[in-house]
Amino acid sequence: TSHPLAAQAGLHILRQGGNAIDAAIATAATLTVVEPTSNGLGGDAFAIVWVDGQMHGLNSSGPAPRGLTVDAVRAQGHTEMPAYGWLPVTVPGIPGAWAALHRRFGRLPFRQVLEPAILYAREGFPVSPVAGYFWSRAVRVYDARLPEPLRSEWFRVFAPEGRAPRPGEMWKSVDHAHTLEVIAESHAEAFYKGEIAEHIERFALETGGLIRKEDLAAFEPAWVQPLSVRYRGYDVWELPPNGQGLVALMALRILEGYDLRDREDVETVHRQVEAMKLAFADGRAHITDPRRMRVSPEALLSDEHIASRRALISHEALDPAAGPPLRGGTVYLAAADGEGNMVSYIQSNYMGFGSGVVIPGTGIALQNRGHTFSLDEQHVNVLEPGKRTYHTIIPGFLTRDGQPVGPFGVMGGFMQPQGHLQVVSNLIDFGLNPQAALDAPRWQWMEGKRLVVEPGFPIHVAQALARRGHQVEVALDGGSFGRGEIIVRSADGVLAGATEPRTDGQVAAW
């Protein structure tokens, strides 16, 4: 995981007799406490689970409330969906994801699985370096963007001294601990149909929010069939829309038409970038709630469509029609056990702490996932009550010859499909071990012909890309190149874990 305490929480549950699903839930719950800069109880979640030789997909993203309409947003003076405040708030899916995973696959009691998270929330923990950095950035953002009384509650919970906690300082949230206990005792029912739902509705009514208890009570996570494409003998799995995993699959299919021989060759990187651009253009035009899509995922992955997109790639950088980048705020984790169970899991509040709305007395920071909706009635992802929006967070999984290779993921908004493509290519095309696949310097396409690379990216390749028309920049501030985790199972059953050098990650093994 991206945080040592969360990794240790999952390991603790394994050693108590839990399976990989129990461990993943414990880890996810702990991450809402120790890394609130990227996720919380008010966010969404997705998972791919391998159990007893079968793959299962879980989409636990919440829809727009019934009162959230294009007219309601425009009536408040907006011409596009805002990023902060009540308007971008959609129904949270994270507690429902934990309950659904546990109900179907868990072994230990739900309360026992959530106990490590409850302990850290109540007793406190030292803030880690990367979380501390993003926490300090968030304080500046929410101080400037939030109206009262939303600002006061956010600062009371997350910056009680008027500033972010510094790396190494202790931080705790007793309100968060109590909410986790209520979730644990009710198997998340109280979040959607009990006292927590009442808290959310009360604050919404008092401060102009549109979400109601009926919206929460109507929510159910959806079990879905994952999508896959064949890539050089492996099957790469993603969840179907409304997530953007389809973008990664389209890009890989385009890329498979080329012979990639050298990872640090301009032809390799150029083709990867161009494939990614074309896939994003399709994704932003077509991905939304699957019930509202006008083009099927199968059509977008068809031989004919992929060939037509590949034919657009030339020697020079393309400028395909696609939207601007989406910022992220996400945690990803991978879990596996000795029984063969494996979990690829991701959850997020989006854009850091999310909307900035914190429900008093609960520690719940609500997501702003509705920010990705369009207000253009002609756009496929136009805002509608009860609709799930285009979603950035995506878990990945690899299999070969019907057997699991393992879960992988790269968090970070718009970077996620780009991270998936680069990590999969590193593993499969160039034979890097899992840790080397994560360590390798990355590029990130932003929009148009703009391409940002990490400081360690080979300078000769960057210069060659510039000569092809790419507007190359080096991210001297560190940038946001995603944060990944991988578990790979070898043919003889050995598990190899890798964690991201760009965060406070840890591989915890027993």
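Here, residue 1 is the first one in the sequence, and each next residue gets the next number.
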Shortest non-hydrogen separation from [X] to [Y] and the atoms involved:
X    : Y    : value
P92  : D44  : C-OD1, 3.8 Å
D337 : A20  : OD2-N, 2.8 Å
S344 : P395 : OG-CB, 3.3 Å
M411 : V331 : SD-CA, 3.4 Å
A184 : I118 : CB-CD1, 4.5 Å
G354 : Y142 : O-OH, 2.7 Å

Looking just at side-chain N and O atoms, do [X] and [Y] make a donor-acceptor pair shorter than 3.5 Å?
X    : Y    : value
R15  : H12  : no
D439 : Q435 : yes
S348 : R369 : yes

- Item | D175 and R156 ion-paired at < 4.0 Å | yes
- Using a strict 4.0 Å threshold on nitrogen-to-oxygen distance, state whether E185 and R111 make a salt bridge. yes
With rounding to the nearest 0.5 Å, note down the distance linking [atom1] in [X] to [atom2] in [Y].
X    : Y    : atom1 : atom2 : answer
S60  : R388 : OG    : CZ    : 7.5 Å
H176 : Y120 : NE2   : OH    : 14.0 Å
I48  : W237 : CD1   : CH2   : 9.0 Å
D289 : N59  : CG    : CG    : 8.5 Å
S61  : Y390 : OG    : OH    : 13.5 Å
N381 : M81  : CG    : CE    : 10.0 Å

- Item | ring pair (Phe, Tyr, Trp, His ring centres under 6.0 Å) partners for H102, two or more places apart | F110, H187
- Task: Please step through side chain to side chain contact (heavy atoms under 4.5 Å, CB included) for the pair V236 and L249, ending with a clear verdict.
- Result: CA-CA 8 Å; V236 184; L249 297 182; 4.2 Å; yes
Heavy-atom side-chain contact between [X] and [Y] under 4.5 Å:
X    : Y    : answer
T207 : V357 : no
I211 : V91  : yes
L41  : W98  : yes
L101 : Y345 : yes
F397 : P226 : no
L58  : F46  : no
Q244 : F280 : yes
L246 : E238 : no

Give a yes or no on whether the backbone of [Y] and the side-chain of [X] come within a donor-acceptor separation of less than 3.5 Å.
X    : Y    : answer
E148 : S152 : yes
Q444 : S480 : yes
S425 : L421 : no
T179 : T362 : yes
E201 : R212 : no
N242 : H391 : no
E169 : R166 : yes
Q347 : I94  : no
Y332 : F408 : yes
N368 : P88  : no

- Message: Counting only heavy atoms from other residues, nucleotides and ligands, does the tally under 6.0 Å from CD of E339 exceed 12?
- Response: yes
- Message: Looking at E161, I want to see if its CD is surrounded by more than 12 non-hydrogen atoms of other residues, nucleotides or ligands under 6.0 Å.
- Response: no
- Going through the checks in order, is the side chain to side chain contact (heavy atoms under 4.5 Å, CB included) test met by V73 and F373? CA-CA 11 Å; V73 176; F373 275 121; over 6 Å; no
Geometric class of the [Y]/[X] ring pair [parallel <30°, tilted 30-60°, perpendicular >60°]:
X    : Y    : answer
W86  : F203 : tilted
W135 : W171 : perpendicular
W445 : F414 : tilted

- Mind running side chain to side chain contact (heavy atoms under 4.5 Å, CB included) on V405 and L427 for me, showing each step along the way? CA-CA 11 Å; V405 175; L427 289 169; over 6 Å; no
- Message: Evaluate I25 against L114 for side chain to side chain contact (heavy atoms under 4.5 Å, CB included), listing each step before the verdict.
- Response: CA-CA 8 Å; I25 298 167; L114 296 193; 4.1 Å; yes
- Note on the structure: Residues pairing under side-chain hydrogen bond (donor to acceptor under 3.5 Å, both in side chains) where one sits in residues 495-510, two or more places apart or in two chains, turn out to be Q8-Q506, S128-D504, R442-E500, E454-R502, R483-T503, E485-T499, E500-R502
- Task: Would you verify whether the NZ or CZ of R104 falls within 45 degrees of the ring axis of W223 while also being under 6.0 Å from that six-membered ring's centre?
- Result: yes
- side chain to side chain donor-acceptor pair (under 3.5 Å) assessment of H3 paired with T30: CA-CA 9 Å; H3 197 289; T30 303; over 6 Å; no
